[in-house]
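Heads up: the structure comes next, in structure tokens.
Only this structure's heavy atoms are used, side chains among them; waters, hydrogens and symmetry mates stay out. Chain letters run A, B, ... following the sequence lines, proteins first, then strands; residues in each count from 1.
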Number of protein chains: 2
Amino acid sequence: MSRQMVRPGGRSARVQAAVHTAVRELASEVGRDALTVPLVARRAGVTPSTIYRRWGDLQELLSDVAVERLRPDTAPGDHGALYADLAAWAEQFLDEMASPTGRSYIRDALLGDPDGSNAGQCSAYAAEQLGIVLSRAAGRGDDTPDVETVMDRVVAPLMYRILFRPDGLDAPYAHRLVAEVLGRTGP
Amino acid sequence: MSRQMVRPGGRSARVQAAVHTAVRELASEVGRDALTVPLVARRAGVTPSTIYRRWGDLQELLSDVAVERLRPDTAPGDHGALYADLAAWAEQFLDEMASPTGRSYIRDALLGDPDGSNAGQCSAYAAEQLGIVLSRAAGRGDDTPDVETVMDRVVAPLMYRILFRPDGLDAPYAHRLVAEVLGRTGP
DNA sequence: GGCTAAACGCAAACTCATTGCGTTTAGTGC
DNA sequence: GCACTAAACGCAATGAGTTTGCGTTTAGCC
């Protein structure tokens, strides 16, 4: 469960923001594996017990921060055609997720996540982006697959390889998945 | 890295077996989240320092045990036809992996795994099983997709949903994936 | 403005992780 | 077989991280 809906204003909000900022800063300074709760607490100007009470443990905190970082910050670009839109989106998705930091965020999001809501949020982000691309194509009069199909045929293979097979992942592979789900053999 | 190739005989082997057994027993008794290195060490009749020196930390130990548990213990069944073989394999795969304990094992295998070799091993297990099924079908004269295609079209979507979308996962979905990769609309 | 419960800080007590050192033992060569 | 070497282990001390009780602050709400 995300810890956002607890006393959204005032001190609680300041503490949450300070802790999240501390996690991001320290992760880039000392590395993600060197993070500890007392370290984050000192940087955020809080006591460790505050973090333990609100987030439970370090993994749940990192999971919260990871989901925040995995949220797309821009709408998918419009390149005039469905194939171009999907190919560009898949390429960007791959770039962000397959990088070492991206993998760390995915692992963290999957980890401290007892009920699976954080992981589900990541999936919802991708589905939302794909929904924009596909409805735009439908507005152009194109015959489009539905979001579920693209999730199964493009997102899932990319994520599976990111997590289980770090090799053989490149832009051509992503393009091929897009071409296949659109029923083409090439762009 | 798996810690199997260290002094395969005598005391070292006994310690390794005792520790692995202790992990499995305690995981089913007190739950996976309640496992600690000292707890496992006491059950196994060893000292915590032994575990720390050999496995590094709890996550790497759990990752080792998880990979061992995720290894298929039987060859995929022969049902006389490719669709039946693949459908049965996918259903069993789903049953084992989507259960709470299966999810825990997957998470553990992905986790304490700095170089990704344990996760890669899990993927290799699935590919190996699929290779048996597909080559058997080829021996019958069937026109079969290759292993990579089945990994992308069946295994990846199943695993993606197991990890990111715990809902909407059932045998009919697995059967549909198999039917689609075989170019059919049904069995 | 006052009330209530959540959120926080402080500090003690506890568990876990780490490491040096001596002992046991598996593997190897004679 | 017997000695030798280095890996593996046990023990114990040390340091770091985690948990919890209690008093204080404060956000949300009459």
What is the separation between atom [atom1] on [X] and atom [atom2] on [N], rounded to the nearest whole Å?
X: A:D57; N: D:dT19; atom1: CG; atom2: P; value: 7 Å
X: A:W55; N: D:dG17; atom1: CH2; atom2: C1'; value: 18 Å
X: B:L58; N: D:dA16; atom1: CG; atom2: P; value: 21 Å
X: B:R53; N: D:dA6; atom1: CZ; atom2: P; value: 18 Å
X: A:L39; N: D:dG17; atom1: CG; atom2: C1'; value: 12 Å

Task: salt bridge (charged side-chain N to carboxylate O under 4.0 Å, His left out) partners of residues 37-51 of chain B, not counting sequence neighbours, each pair once - done: B:E25-B:R43, B:E29-B:R43
Task: Close residues, residues 23-38 of chain B, relative to DNA chain C [heavy-atom separation under 4.0 Å] - done: B:T36, B:V37, B:P38
- [ ] With a 4.0 Å heavy-atom cut-off, tell me which residues in residues 42-51 of chain A come close to DNA chain C, sorted by residue number.
- [x] A:G45, A:V46, A:T47, A:S49, A:T50
Distance-only check: which donor-acceptor pairs under 3.5 Å involve side-chain atoms of residues 87-98 of chain A, not counting sequence neighbours?
| unit_1 | atom_1 | unit_2 | atom_2 | d |
| --- | --- | --- | --- | --- |
| A:E91 | OE1 | A:H175 | NE2 | 2.9 |
| A:Q92 | NE2 | A:E96 | OE2 | 3.0 |

Open item on the list: Side chains of B:D108 and B:S63: any donor to acceptor distance under 3.5 Å?
Closed with: no
Open item on the list: If you compare all heavy atoms of A:A109 against all heavy atoms of A:L70, which two are closest, and at what distance to 0.1 Å?
Closed with: CB-CD1, 4.2 Å
Task: Among D:dA8, D:dT20, D:dA27, the one nearest B:R54 by side-chain distance - done: D:dA8
Task: Closest nucleotide among C:dC21, D:dA27, C:dA26 to the B:R14 side chain - done: C:dA26
Task: Residues, nucleotides or ligands: over 12 heavy atoms within 6.0 Å of A:D146 CG - done: yes
Open item on the list: Holding to ring-ring contact (aromatic ring centres under 6.0 Å, His included), I want the full list of residues that pass it with A:Y105, two or more places apart in sequence or in another chain.
Closed with: none
Determine all donor-acceptor pairs shorter than 3.5 Å in which one atom belongs to a side chain in residues 122-135 of chain B; sequence neighbours excluded.
| unit_1 | atom_1 | unit_2 | atom_2 | d |
| --- | --- | --- | --- | --- |
| B:S123 | OG | A:Y160 | OH | 3.3 |
| B:Q129 | NE2 | B:T74 | O | 3.4 |
| B:S135 | OG | B:G131 | O | 3.0 |
| B:S135 | OG | B:I132 | O | 3.2 |

Task: Approximate separation, where rounding is to 0.5 Å, of A:R153 CZ and B:L177 CG - done: 10.0 Å
